[in-house]
Structures are given as structure tokens and as C-alpha cells.
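Note on naming: letters A, B, ... go to the chains in the order of the sequence lines (proteins, then strands), and numbering restarts at 1 for each one.
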Protein chains: 2
Amino acid sequence: MSRKPTTGSDSSGSDSAGAAVASQRVADHLRAAILSGELRPGARIMQEQVAAQLGASRLPVREALRILAAEGLTVVKSNSGAWVSRMDMAECEGVYKIRERLEPLALGESIPHLSAEQVAELETIARQIELTTDVDRFLALDGRLHLLTYAGCRVTQITAMVDRFWNTTQHYRRAFARLAGDSGWELIHAEHRLIIDAIKRADTVDAERFLTGHIRRTRLELARHPELFTEDDHDNDHTADAAGSAD
Amino acid sequence: MSRKPTTGSDSSGSDSAGAAVASQRVADHLRAAILSGELRPGARIMQEQVAAQLGASRLPVREALRILAAEGLTVVKSNSGAWVSRMDMAECEGVYKIRERLEPLALGESIPHLSAEQVAELETIARQIELTTDVDRFLALDGRLHLLTYAGCRVTQITAMVDRFWNTTQHYRRAFARLAGDSGWELIHAEHRLIIDAIKRADTVDAERFLTGHIRRTRLELARHPELFTEDDHDNDHTADAAGSAD
DNA sequence: GGTATTGGCTATGGATCCATTCACTGCGAC
DNA sequence: GTCGCAGTGAATGGATCCATAGCCAATACC
């Protein structure tokens with residue numbers, strides 16, 4: 001789920017490991033902090049604090065903030081500062097509308113190249129999801145499931161964008177998952193089963209159809225919960241010192 | 001056509017004008033150079049040269065290269081250098097496949113909010129396009145036409161991505177337009193007319209259908225011309241000193 | 001007492017200088 | 001003659017230092 005969209009940035013060989021270039025290391029660290037929820041949307045990110053915590057100068061931090069801004073994870077305002085991106089409901093719906101068109105494409109491009117082992121793993125993950133009640137575990141498994149269905153997609157541009165949007169909505173998916181009722185889970189399981197069945201039949205049309213519905217239904221459900229986006233301005237709360245708690 | 005995707009980067013008030021921050025100024029300059037064709041795909045971009053030409057230090061240039069990399073216009077390799085992004089045919093087809101799903105979405109979101117004046121201007125532009133034989137003029141008008149059809153889209157995320165892909169394929173569209181035959185032009189004009197008619201009828205379904213076909217046909221046509229992507233490696237040719245010729 | 005202006009402080013933006021790394025070239029050995 | 005290794009050079013990555021733009025508070029004036 002934390003697959004890093006290498007959006008034309010450094011292809012510095014070793015990916016998320018101990019990246020050779022400091023900019024990438026800092027970016028990886030901050031990305032992990034944001035995706036894990038340590039840094040919540042709206043949180044201020046102070047260059048100096050991050051630099052001190054990671055034992056680097058402010059320069060790699062600045063570049064990292066640009067990289068993350070490109071991925072949509074941070075917002076940088078000139079002569080002002082950087083914050084973790086926050087979405088209002090309209091923006092979040094926008095992302096879901098994009099995903100509704102884009103992920104079926106990724107799936108359609110992927111299905112012809114999925115191996116039998118990958119399809120088998122899909123079923124394993126789906127079963128695990130149905131047995132899960134823990135929200136965080138569900139999120140992790142759900143992410144693995146969907147991204148695995150896209151694993152066969154050879155078009156890097158598409159997978160990069162899918163990853164990107166997956167990341168930017170991470171926080172809202174987590175919040176959303178918490179308030180899903182039992183009937184909601186049942187529908188999700190049903191959709192997963194239908195998608196996987198279509199994949200097994202190599203039926204890209206059906207698979208895309210069910211996936212479109214899956215995302216669309218989620219978007220409409222999300223629209224019924226505006227309270228997810230009404231947390232007050234706490235721009236200056238929980239400043240970036242929370243970034244250090246990952247060490 | 002050179003609408004700048006403000007992908008979470010600086011919202012430094014004045015956009016492409018004399019941006020207050022040097023990073024943005026440099027990014028704007030390089031973007032213009034790339035989109036205009038002065039800097040061709042594969043061209044090496046040397047930080048020092050650009051810095052000298054724009055009267056800035058290398059630091060803003062570095063940040064500008066990151067910004068442009070995020071937009072897909074440049075590629076940065078650690079400890080190696082930066083180049084104008086080059087696509088092979090597979091990547092270009094990938095972008096077209098994305099556009100095939102994304103731009104109909106933008107159009108569908110736009111149509112309900114288009115004003116009568118905008119629709120009227122669409123017809124004006126379409127007529128001008130049909131009278132045009134010059135390739136560069138066609139490119140400019142075609143860009144204005146399509147982006148105007150998306151002008152009503154309120155979802156900034158979508159328009160940002162549309163602009164981004166429009167920019168990254170700019171060079172290939174130019175090359176492609178040169179080898180279109182008369183019958184090709186006729187089909188393009190027909191598609192434009194159908195799309196605009198659907199827009200006038202506020203028929204988003206038809207409009208999306210025709211637009212999908214328009215892009216898809218272009219992609220398939222493009223696939224028949226692999227010679228567009230076979231220009232040999234001239235990585236070290238026409239280095240970035242061409243960037244200065246815009247002043 | 002309220003408001004506006006000014007001054008200081010903080011955080012970011014930019015410039016210069018140093019370290020690092022990759023690539024090219026030249027030499028030598030097989 | 002060709003392959004491989006080492007050395008040199010240039011360009012990038014990183015660190016420190018300085019300038020500048022916002023923001024907040026304190027003070028003075030209305």
C-alpha cells in the first residue's frame with residue numbers, strides 16, 4: 001500500500017530502503033508518517049524540525065516536500081510553510097470519480113498478465129478480509145487485494161497514478177472504514193468476490209464493471225458522511241514533532 | 001494549452017506571470033521551453049547552464065526540475081542529471097489510454113456548467129480549425145477547443161491531470177499532426193462536430209462517447225506510426241543552451 | 001478602551017562552498 | 001586488438017550562511 005509512485009523523480013536504484021539520496025530518504029520517511037496517520041491532514045510540517053530529526057540539513061527536506069507535494073501528500077505555500085494535504089468532501093469525491101475511471105482501466109490492463117499464483121493469492125486475501133473485524137487490518141488487506149489485482153498492469157503511468165490516488169485518500173479511507181456497518185461489510189465482500197470471479201474467468205468487461213460499481217458505491221456512501229471532513233482547523237495543532245515517533 | 005498544473009506546489013498568487021519565487025519562475029521558463037519544442041524530448045538539462053541563463057543559483061533550478069518531474073516533463077536521475085522526458089511508443093499509448101478514460105470524465109463534469117458563450121466559442125474555434133492547414137496553428141486551436149470543453153469542470157483534480165497529460169504528450173502530438181493525411185483531418189473535424197453537437201444538446205453520454213472514440217482512434221492511429229519514437233539517442237545533443245533562446 | 005501601526009521574531013527562499021559520484025578516457029595487460 | 005582497470009574531470013547532492021517575507025505582539029495614538 002505504500003508503494004511509492006516514482007513520478008519521474010529519482011530512480012536511485014534501491015527504492016524505499018535506505019535510499020542513497022537524502023531527499024528520497026526524507027520523502028520516504030514523511031510519506032510513511034503521513035500514510036500511517038502519524039501526521040494527520042492539516043498538520044504543519046516544519047522544515048527545521050524534520051531536518052533535525054533525520055540528521056540532515058533543511059535542503060533535502062525542502063526537496064522532499066516538493067516531491068510529496070507532487071504526489072499530492074503535502075501542500076507548500078511560498079514563504080509560509082508546508083502542511084499535510086487536507087481534502088474537503090468535494091475534492092475527495094473528485095478523487096473517487098477519477099479512481100472510478102482509472103482503476104477499471106488498470107484492472108483491464110492487468111488481468112491478461114496475472115499469474116495463477118497471483119489469482120490464488122487474491123482468493124486467500126479475500127478470505128482473510130472476510131474474517132477480519134479490525135479496521136486497520138482490513139485497510140491493509142483491502143489495499144493488498146486491490147493493488148494485487150492491478151499487479152499485471154504493464155503501463156507504469158497507470159499504476160503510478162493508481163498508487164498516487166490510493167495514497168492521497170489513505171486517511172479518509174481509514175476514517176470511512178471505521179463507520180461502516182455490518183451490511184456495508186457484506187456488500188464489500190460480495191463485490192470482492194464478484195471481481196475475483198471475473199478475474200478468474202479472465203472477463204475484463206465484468207471485472208471492470210464490478211470494480212466501477214465498487215468504487216462508485218463507496219463514493220456515494222462517502223457523500224453521506226460529510227462529518228468526516230468537518231474536523232475544525234487545527235493547522236497549528238500536532239505539529240510535525242509527531243514525525244519523530246516513528247524512530 | 002500551457003495552463004500550468006498547480007499540483008500542490010506553490011500557490012504564490014501570481015501564476016505564470018513574474019512569479020515571486022525563483023523556483024516557479026525557472027519552472028515556468030523551462031516548461032515553456034519544453035512545450036514550445038525548444039527543448040526536445042531527450043535533451044539534457046544542465047543545472048548550471050539554466051541557472052546562469054536565468055540569473056539565479058542552481059538551487060531554484062533543482063527545485064524547478066523536481067516540479068517539472070512531478071508534472072512528467074523532466075526526468076531526474078540521482079548524481080547524473082536531468083533530461084526532458086522522452087516516451088517510447090508503449091508509454092505514449094499508455095497516456096492515451098488514460099486520456100481515453102479521464103477526458104470523458106472531465107467533459108461530463110464540464111458540460112452542465114458550460115455557458116452559452118463558451119459553447120458559441122467552441123463552434124467558432126471548430127470552424128477555424130476546419131479552415132486551417134498550418135500544423136502549429138491546428139495544434140493551438142485543437143488544444144484551445146478541447147480544453148475549453150473541459151472549462152466547466154469544477155473538480156480541480158481532474159482538470160489538473162488533463163492538463164498534465166496534455167502537456168506531456170505535446171511534442172508527440174506535434175509530430176503526429178504533421179503526418180496526418182487529408183482523410184485524417186476530415187475524421188477529426190467530424191468528431192469535433194459531433195462532440196460539440198452533443199455538448200449543445202447537453203447530452204453528456206453522447207459527448208463522452210464521441211470523445212472516447214476521438215481519443216481512441218488517435219491512439220490506434222498513433223500505434224501505426226512507430227517511426228515517431230525511433231529517433232536515435234541524442235541525449236547529449238542539443239544541450240540545454242537552447243533554453244536561452246526564449247529571452 | 002479599542003484600533004492601527006510598528007518592531008521584532010521566526011521560518012522559508014536563495015547563494016555560495018564543499019563532498020560525492022558517475023562517466024569518460026587513457027593506459028596496460030592478456 | 002580487445003577487454004579491464006584506474007585516474008581524472010565535470011556535474012550533481014548536501015551543508016552552512018545570509019536575505020526576505022509573514023506573523024504576532026506590544027505600544028502608541030485616537
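By the ring pair (Phe, Tyr, Trp, His ring centres under 6.0 Å) test, A:F165 is found to be paired with no residue, residues two or more places apart in sequence or in another chain being considered. Legend: residues meeting ring pair (Phe, Tyr, Trp, His ring centres under 6.0 Å) with B:F176, ordered by chain and number and at least two apart, are absent. With sequence neighbours excluded, the residues that form a side-chain contact (heavy atoms from CB on, under 4.5 Å) with B:A22 are B:R25, B:P60. Scanning for salt bridge (Lys or Arg N to Asp or Glu O under 4.0 Å) contacts around A:D88 gives an empty result, with sequence neighbours left out. Listed by chain and number, the residues in a salt bridge (Lys or Arg N to Asp or Glu O under 4.0 Å) with A:R178 amount to none (sequence neighbours excluded).
Atom CG of A:N79 and atom P of C:dT12 are 10 Å apart (whole Å). Between the CE atom of B:M46 and the C1' atom of D:dG9 there is a distance of 13 Å, given to the nearest Å. We find that CZ of A:R44 is positioned 14 Å from P of D:dG22, with the value rounded to whole Å.
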N/O contacts under 3.5 Å, protein versus nucleotides 14-18 of chain C?
| unit_1 | atom_1 | unit_2 | atom_2 | d |
| --- | --- | --- | --- | --- |
| C:dG14 | OP1 | B:A22 | N | 2.6 |
| C:dG14 | OP2 | B:S23 | OG | 3.1 |
| C:dG14 | N7 | A:R62 | NH1 | 2.9 |
| C:dG14 | N7 | A:R62 | NH2 | 3.3 |
| C:dA15 | OP2 | B:S57 | N | 2.9 |
| C:dA15 | OP2 | B:S57 | OG | 3.1 |

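Within the 4.0 Å cut-off from OP1 or OP2 of D:dG13, at least one side-chain nitrogen or oxygen of B:Q47 is found.
Summary of the strand contacts: B:S80 and A:S80 both lie near DNA chain D, and taking for each the nucleotide with the nearest heavy atom, the more 5' one is attributed to B:S80.
One finds a salt bridge joining A:E63 and B:R66 here, because a Lys/Arg side-chain nitrogen approaches an Asp/Glu carboxylate oxygen to under 4.0 Å.
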